[in-house]
Amino acid sequence: MMPAGWLLKSEPDTFSIDSLMAAPQKTTLWDGVRNYMARNNLLAMQKGERAFFYHSSCPVPGIVGEMVVMSKAIPDPAQFDPASPYFDAKSTPEKPRWFAPKMKFVKKYPAVFTREQMAHTSLGNSQLFTHTRLSVIALSAAEVGAIDQWLGALACR
DNA sequence: GCCAACGTTGGC
DNA sequence: GCCAACGTTGGC
């Protein structure tokens, strides 16, 4: 089962879609993920796949825009840096634990597809709601379809 | 700021 | 290898 897309959470206070737009080449390494289920999802991402930028822990949580997987995950450099908050003493360059794909900005949506709105679509059954603490989520075709449908409705207003 | 959910750690 | 304690996430 190949996912039709991915949902990546980030706290806008730490890294927002505006941060991504301002980044060199509008590109970033999606680093700092320290959860094995999320890690496995990061490793499954393939170049060219769609990914949705979700703002969490903020006044209006929801999807704020879209990215594309620019290149497959590489070992997350932060895990080897003792000065980094993402340092992992148990990880070595020979046997890295944590990985990070490179993501590229595609677009910022003219509105937020809020978590509240998402709950009323097929996304209501997605892992965003069933696995509340998972920060990298695989989306089915139906779930991506719900996002596209919301986008389409926006465009027609 | 609270607190529920839940992944991780560490003692045994 | 169990499980209690602990820490973190993230919505509200």
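Chain A is the first sequence line, chain B the second, and so forth, proteins listed ahead of strands; every chain is numbered from 1. As the structure is a computational prediction, the values presented were derived from the model and not from experiment.
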Residues clustered with A:Phe87, ILVMFWY side-chain links under 4.5 angstrom: none
Reading 5' to 3' through nucleotides 6-12 of chain C, protein heavy-atom contacts under 4.0 Å coded B for base, S for sugar-phosphate only, - for none: -BBBBS-
Backbone N/O of A:Gln79 and side chain of A:Ser91: donor-acceptor pair under 3.5 Å: no
Ring-face cation of A:Arg97 near A:Tyr36 (centre distance under 6.0 Å, axis angle within 45°): no
Salt-bridge contact A:Arg50-A:Asp148 (side-chain N to carboxylate O under 4.0 Å): yes
Donor-acceptor under 3.5 Å (A:Asn41 side chain, A:Val136 main chain): yes
Touch class at under 4.0 angstrom, heavy-atom based, for A:Thr114 against every strand present: nothing
A:Lys90 vs A:Met37, nearer the 5' end of DNA chain B by closest nucleotide: A:Met37
